[in-house]
S.K.: 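Got a structure for you, written out below as structure tokens; questions coming shortly.
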Number of protein chains: 2
Amino acid sequence: MSAPHRLTRNQALVLETLTTAEEPLSAYVILDRLKDEGFRAPLQVYRALDKLLEAGLIHRLDSLKAFVACSTPHEHDAADRVAFAICQKCARVWEFSDPAIEGRFAAWAADTDFEIASATIEISGLCAACRKAGEGAA
Amino acid sequence: MSAPHRLTRNQALVLETLTTAEEPLSAYVILDRLKDEGFRAPLQVYRALDKLLEAGLIHRLDSLKAFVACSTPHEHDAADRVAFAICQKCARVWEFSDPAIEGRFAAWAADTDFEIASATIEISGLCAACRKAGEGAA
DNA sequence: CAAATGATGTAACGATATAACATTGGAGTC
DNA sequence: GACTCCAATGTTATATCGTTACATCATTTG
Ligand SMILES: [Zn+2]
Ligand SMILES: [Zn+2]
Ligand SMILES: [Zn+2]
Ligand SMILES: [Zn+2]
């Protein structure tokens, strides 16, 4: 399996930026925040992101075109897919996995003779805090 | 509710391009295929795509940054979410929905006090035909 | 040390999507 | 028909996201 590779300076900086952030960040926002650390070009960010994705330390949210630190740096096995809930207002992300959902996908795949390799599961809506805050504002 | 708006020329051309295609198409591929019909700029495509998305006649696949015609132009209600399976090899798309999956999301949302507005559910893998074709090739 | 490997820096480019603004075309009045 | 309104269109420019190409530096390993 994947040896727990020690992170390089660039990788550590990008990971720390994501870990510190409250919301998912685009690659260019990360670049901007790391200007003072010597980052100059997008590729410096994308290369670090690639390694962190491989290591399972971060995720890319396709629906936002942005990256987020993994909430519980686990091995994301094929049999333990992860889903994300993203608040449209505060942009905070909840990461969860549900064997029952995985089971339904597996059942559909078996019926259809489709071999699942990966999945993108992102739900969008309003978190409890943002709904509470918005109740009196309409 | 949404009146079944008659499509404009541009919208009809974009929809026909997607309906005819075997795979999802990027906006720029659509633009290219409609050059002969007078299309010149990305916005002509994106504006038509926006309307078709509103009308529920097409979908955007976030994981591919591409668009696909809806296989069964239904009203995609909040209570009847749709999922996609995308073959990595032939790029064909299967559109399906599963009340049990929706139920699991609803259960998670209830537990977490999250209000779901929309979802992106895209699984990637190999279809039956492509697996069969690849079996003797390794 | 020498070779191999992986990370980095930099510039240029490609791909995806939107902003801004002028113009056109039809639907409903008068 | 003339007038008004509003949606759709055409066009240019720009914003945003991501990759190719290539030279350089660091680390490991024999
Ligand atoms: Zn994770
Ligand atoms: Zn929120
Ligand atoms: Zn559909
Ligand atoms: Zn296939």
Side-chain angles (χ1 to χ4, degrees), chain A residues 2-18 21 23-55 57-68 86 88 91 93 118 120 122 124, chain B residues 2-18 21 23-55 57-68 86 91 118 120 122 124:
Chain A
S2 55
H5 248 36
R6 176 162 171 65
L7 298 180
T8 66
R9 171 180 150 85
N10 284 4
Q11 290 159 19
L13 285 167
V14 168
L15 179 57
E16 195 203 349
T17 303
L18 284 175
E23 343 73 36
L25 301 179
S26 79
Y28 278 73
V29 168
I30 296 170
L31 173 58
D32 192 61
R33 295 199 184 173
L34 290 175
K35 281 267 155 66
D36 290 346
E37 299 290 347
F39 277 53
R40 295 282 170 272
L43 199 49
Q44 293 176 290
V45 177
Y46 281 109
R47 283 200 279 228
L49 289 172
D50 284 345
K51 293 297 179 186
L52 294 170
L53 285 168
E54 273 177 30
L57 296 171
I58 65 171
H59 299 284
R60 180 177 195 277
L61 298 177
D62 286 339
S63 62
L64 296 185
K65 299 169 205 166
F67 302 84
V68 66
I86 307 162
Q88 294 171 325
V93 173
S118 64
T120 296
E122 301 171 19
S124 179
Chain B
S2 55
H5 248 37
R6 175 162 173 64
L7 298 181
T8 66
R9 172 181 150 83
N10 284 4
Q11 290 159 18
L13 285 168
V14 168
L15 179 57
E16 195 203 349
T17 303
L18 285 174
E23 343 74 38
L25 301 180
S26 79
Y28 279 75
V29 168
I30 296 170
L31 174 59
D32 193 61
R33 296 200 182 173
L34 290 175
K35 280 269 156 65
D36 290 346
E37 299 291 346
F39 276 52
R40 295 282 169 271
L43 249 197
Q44 293 175 289
V45 177
Y46 281 108
R47 285 201 278 228
L49 290 171
D50 283 345
K51 291 299 177 184
L52 294 170
L53 286 168
E54 273 177 31
L57 296 171
I58 66 171
H59 299 283
R60 180 178 195 277
L61 299 177
D62 287 338
S63 62
L64 297 184
K65 300 170 205 164
F67 301 85
V68 66
I86 305 162
S118 65
T120 296
E122 301 171 18
S124 178

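Letters A, B, ... are given to chains in the order of the sequence lines, protein chains preceding strands, and every chain is numbered from 1.
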S.K.: Looking only at N and O atoms, is any donor in the side chain of B/R47 or the base of D/dG10 less than 3.5 Å from an acceptor on the other one?
M.R.: yes

S.K.: So, OP1 or OP2 of D/dC17: does either fall under 4.0 Å of a side-chain N or O from A/S26?
M.R.: yes

S.K.: In terms of the nearest nucleotide of DNA chain D, which residue is placed more toward the 5' end: B/P42 or B/R9?
M.R.: B/R9

S.K.: Taking 4.0 Å as the cut-off, does a side-chain nitrogen or oxygen of A/Q44 come that near to OP1 or OP2 on C/dG9?
M.R.: yes

S.K.: Using a cut-off of less than 4.0 Å, is there contact between a side-chain N or O of A/T8 and OP1 or OP2 of C/dG6?
M.R.: no

S.K.: Less than 4.5 Å apart, side chain to side chain, heavy atoms only: is that true for B/L49 and B/L18?
M.R.: yes

S.K.: Can you find a side chain N or O atom of B/Y28 that sits less than 4.0 Å from OP1 or OP2 on C/dA15?
M.R.: no

S.K.: Indicate yes or no: at least one non-hydrogen side-chain atom of B/L13 is less than 4.5 angstrom from one of B/F39.
M.R.: yes

S.K.: Can you figure out which of D/dT20, C/dT18, D/dA8 approaches the side chain of B/L43 most closely?
M.R.: C/dT18

S.K.: Where the side chain of B/E23 meets the backbone of B/A91, is there a donor-acceptor pair that is under 3.5 Å apart?
M.R.: no

S.K.: Using only side-chain N and O atoms of B/K65, determine if any of them is under 4.0 Å from OP1 or OP2 of C/dA15.
M.R.: no

S.K.: Do A/R9 and A/E37 make a side-chain contact, defined as non-hydrogen atoms from C-beta onward lying under 4.5 Å apart?
M.R.: yes

